[in-house]
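Down below is the structure, laid out as C-alpha cells.
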Amino acid sequence: GLDAEFIDVFLEEARGDLAAIREQQAAWRRNLNDRQALAILRRAFHTLKGSGRVVGATAIGGLAEQFEKMIGVVVNGERTATVAVADLVGEAAAALEPLISKNPRMDEAAVTSLQRLMARAEAWLLEAPEKAVPALVAVAPSTAVLAETTAAVPERGPSAALLIPP
C-alpha cells in the first residue's frame, strides 16, 4: 500500500486544485472567452489526473482526464464554450469535493455521481463539433502554456481501487 503521508500530500494538493477549479470555473462562466481561466482549469484537471492515478485514486483520475479533454477541445477551438459546459465543470468540482475533503469518503452515491459526470463529458466530446466562436480560435502569446504536451500515464487494471485504499 501507499504511505499514509503520501496520500495526505495528495489530498492536500488535490484540495488546492479543487479550489483553483472552483475559482476559475466561476470566472470562465462569467466570461466564456477568458483564456487564462481555461488554462488554469486545464492545468488543475491535468494535475488531478496524474496525481490521482499515482495514488490509486482512479475514479478521480478518470474524471479529471475527461474534463481536461473537454477544456482542451474548447481551448483548441474545436468546440464552442457555453454556459452549459462551464456548469458541467462546476458539477465536476462539486462531485470531487467529498472525495478529497478533510474526511474523504467514497460511497456508492459518490461513485455513481462520478460515473454520470464522466458519461456526460464523454457524450459531449463525441457530439459533432459546431463552429467555434472566432475569439476562442485566436491564440494569444500568453496562452502558449496550453500547447504543452502531456506525458502518458499508464492505465491501471480493472482491479485498481476506485479511490485510495482504506
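As the structure is a computational prediction, the values presented were derived from the model and not from experiment.
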Subject >> Test side-chain contact (heavy atoms from CB on, under 4.5 Å) applied to Val74 and Leu32, step by step >> reply: CA-CA 10 Å; Val74 172; Leu32 295 175; over 6 Å; no
Original post:
So, for Ala93 and Leu18, which heavy atoms are closest and what is the spacing to 0.1 Å?
Top reply: O-CD1, 3.5 Å
Original post:
Between Ala59 and Met118, what is the shortest heavy-atom contact and its length?
Top reply: O-SD, 4.4 Å
Subject >> Reported NZ-to-CG distance for the pair Lys102 and Asp8, which is rounded to 0.5 angstrom >> reply: 9.5 Å
Subject >> Beyond-backbone contact of Leu99 with Leu114, side-chain heavy atoms, under 4.5 angstrom >> reply: yes
Original post:
Under the ring pair (Phe, Tyr, Trp, His ring centres under 6.0 Å) rule, what pairs show up with a residue in residues 54-104, not counting sequence neighbours?
Top reply: Phe45-Phe67
Original post:
Which atom pair, heavy atoms only, marks the closest approach of Arg35 to Val75?
Top reply: NH2-O, 3.3 Å
Subject >> Residue that, paired with Glu68, satisfies side-chain hydrogen bond (donor to acceptor under 3.5 Å, both in side chains) out of Lys49, Arg42, Arg43 >> reply: Lys49
Original post:
Side chains of Glu91 and Arg120: does their closest heavy-atom pair fall under 4.5 Å?
Top reply: yes
Subject >> Cluster overlap Val9 with Ile7, hydrophobic side-chain contacts below 4.5 Å >> reply: no
**OP:** Flag the pair Thr82 / Val85 as yes when at least one side-chain heavy-atom distance between them is below 4.5 Å, and no otherwise.
**Re:** yes
**OP:** Considering non-hydrogen atoms only, spot the tightest contact between Val89 and Ile21 and give its length.
**Re:** CG1-CG2, 4.3 Å
Original post:
What salt bridge (Lys or Arg N to Asp or Glu O under 4.0 Å) pairs are there with at least one residue in residues 11-24, not counting sequence neighbours?
Top reply: Arg22-Glu97
**OP:** Show your working on side-chain contact (heavy atoms from CB on, under 4.5 Å) between Ile60 and Phe10 and close with a plain yes or no.
**Re:** CA-CA 11 Å; Ile60 291 172; Phe10 160 72; 4.2 Å; yes
Subject >> For Ala86 against Gln25, the heavy-atom pair lying closest together >> reply: O-NE2, 2.8 Å
Original post:
How about Leu125 and Arg79: do any of their side-chain heavy atoms sit closer than 4.5 Å?
Top reply: no
Original post:
How long is the gap from NE2 on His46 to OG on Ser51, to the nearest 0.5 Å?
Top reply: 9.5 Å
Original post:
Rounded to the nearest 0.5 Å, how far apart are CG of Leu38 and CG of Asn31?
Top reply: 9.5 Å
Subject >> Any donor-acceptor N/O pair, Asn76 side chain to Glu78 backbone, under 3.5 Å >> reply: no
Subject >> Residue list, side-chain contact (heavy atoms from CB on, under 4.5 Å) with Ala27, at least two apart or on another chain >> reply: Gln24, Arg30, Asp34, Ala37
Subject >> Where Thr80 and Trp124 come nearest, the two heavy atoms and their spacing >> reply: O-CZ2, 4.4 Å
Subject >> Glu122 with Lys69: basic N within carboxylate O range, under 4.0 Å >> reply: no
